[in-house]
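Below, read A as the first sequence line, B as the second, and so on, with proteins coming before strands; counting in each chain starts at 1. These numbers come from the heavy atoms of this one structure, side chains and all, not from hydrogens, waters or symmetry mates.
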There are 2 protein chains.
Amino acid sequence: MEENETFECCDEVHDEVVEKVSSQMPPDEILYDLAELFKVFGDSTRVKIICALFESEMCVCDIAQVLGMNQSAISHQLRVLKQARLVKYRREGKTVYYSLADSHIQAIFNQGFEHITE
Amino acid sequence: MEENETFECCDEVHDEVVEKVSSQMPPDEILYDLAELFKVFGDSTRVKIICALFESEMCVCDIAQVLGMNQSAISHQLRVLKQARLVKYRREGKTVYYSLADSHIQAIFNQGFEHITE
DNA sequence: TGTTCATATGAATAATTGTTCATATGTATA
DNA sequence: TATACATATGAACAATTATTCATATGAACA
């Protein structure tokens, strides 16, 4: 890979715009992390889990009941949500109660909801 | 599939909570659409395209230059963004200029950014 | 300590998806 | 109309991922 490689494309590249935009792009790492975060929201099972947790903290098998799915599937997805720091949990005997980790989640959902319903 | 099927899980289902939460869940279709929307944000190429368009409208090959990717890849992704009504475009001769469709996108990005940087 | 049970996890499978290559479309101009 | 060129699209391939099944972990309690 060469430095300043130009990619085979069209001849009508607007150099000033390209340079200005390029210089203002956030670091790749940030953009990658952002995509990873949204990827977590991009699955209907996880969206349902999050929506359910808006209402109340719940144990794994409660969530499984609400979604009509088995315990293993929910547990796998809770792990993904946990790794993205979107849910937290507390243990009470054998039971583990999950809840939402912060308020950005609601804000993101609200904006998303506004987009799809307009 | 039976009506009111209970899924094999644990015996410790908290019925009141499950019923309350179940009754307050938005329709599946909404939750599915929401997941589909976030799925669009869940790819780093598309995140980069959106970030680039925050700065300026651009033609396809400008975007390709900024991202260091080929024209076809960008065009495919622009189609996904278009279908999700996240970008709009205008034609000027042979050139097609893309720009962001609405302001929810910025709001969603800001919240996402706050989540990953805290 | 041994059993029960809620939850977690590993492996396997099926489905989805991003990129590339090749080519099509459609606009401008000679 | 023929050519050039920006963009779009279809097919193919590789990679990722959601779910299931089977089993492991670890807490409570007899």
Interatomic distance where CG belongs to D43(B) and C1' belongs to dT19(C) [whole Å]: 10 Å
State, with a plain yes or no, whether a side-chain heavy atom of V80(A) is found less than 4.5 Å away from one of Q77(A). yes
In whole Å, what is the span from the CG atom of L81(B) to the P atom of dG18(C)? 10 Å
Applying the Watson-Crick and G-U wobble criteria at under 3.5 Å, what pairs with dC5(C)? Answer none if nothing qualifies. dG26(D)
For F41(A) and F109(A), take the angle between the two ring planes, folded into 0 to 90°, and tell me which bin it lands in: parallel under 30, tilted 30 to 60, perpendicular over 60. perpendicular
Is Y89(B) touching bases, backbone alone, or none of the nucleic acid, heavy atoms closer than 4.0 Å? nothing
Base dT20(C) paired with H76(B) side chain (donor-acceptor, <3.5 Å): yes
Output yes when at least one side-chain N/O atom of R91(A) is less than 4.0 Å from OP1 or OP2 of dG26(D), else no. no
Determine which nucleotide pairs with dA14(C), using a 3.5 Å limit on both distances of a Watson-Crick or G-U wobble pair. dT17(D)
Using whole Å, report how far CD of Q83(B) lies from P of dA8(D). 12 Å
Within less than 4.0 Å of OP1 or OP2 of dT19(D), is there a side-chain N or O belonging to T45(A)? yes
In terms of relative ring orientation, are H104(B) and H115(A) parallel, tilted or perpendicular, with 30° and 60° separating the classes? perpendicular
Choosing from dA6(D), dA22(C), dT7(C), which nucleotide comes nearest the side chain of T95(B)? dA6(D)
Between D62(B) (CG) and dC5(D) (P), how many Å, whole number? 17 Å
Please determine if a side-chain N or O atom of Q77(B) lies less than 4.0 Å away from the OP1 or OP2 oxygen of dT19(C). yes
Can we say K48(B) and D28(A) salt-bridge, meaning some charged N sits less than 4.0 Å from an Asp/Glu carboxylate O? yes
Give the rounded distance in Å between these two atoms: CD1 of I74(B) and P of dA6(D). 16 Å
Write down the distance between CZ (F38(A)) and P (dG18(C)), rounded to a whole number of angstrom. 16 Å
When the distance from CE of M69(B) to P of dG18(C) is rounded to whole Å, what number comes out? 10 Å
Would you mind telling me which residue lines up with the more 5' stretch of DNA chain D, S44(A) or K82(B), judged by nearest nucleotide? K82(B)
Test applied, side chain to side chain contact (heavy atoms under 4.5 Å, CB included); reference residue, L81(A); option that passes from I105(A), V40(A), L100(A): V40(A)
Which nucleotide in the list dA18(D), dT7(C), dG18(C) gets nearest to the side chain of C59(A)? dT7(C)
Centre-to-centre under 6.0 Å for H14(A) and Y97(B), is that the case here? yes
How do A73(A) and R79(B) order along DNA chain D: which one's closest nucleotide is nearer the 5' end? R79(B)
Taking the side chain of K94(A) as its heavy atoms from C-beta onward, which of dA28(D), dA6(D), dG10(C) lies nearest to it? dA28(D)
Examine the base of dA8(D) for any acceptor or donor lying under 3.5 Å from a partner atom in the side chain of Q71(B), and report the outcome as yes or no. yes
Shortest side-chain distance from S72(B), nucleotide among dT20(D), dT7(D), dG10(D): dG10(D)
How many Å lie between CD on E92(A) and P on dC5(C), as a whole number? 19 Å
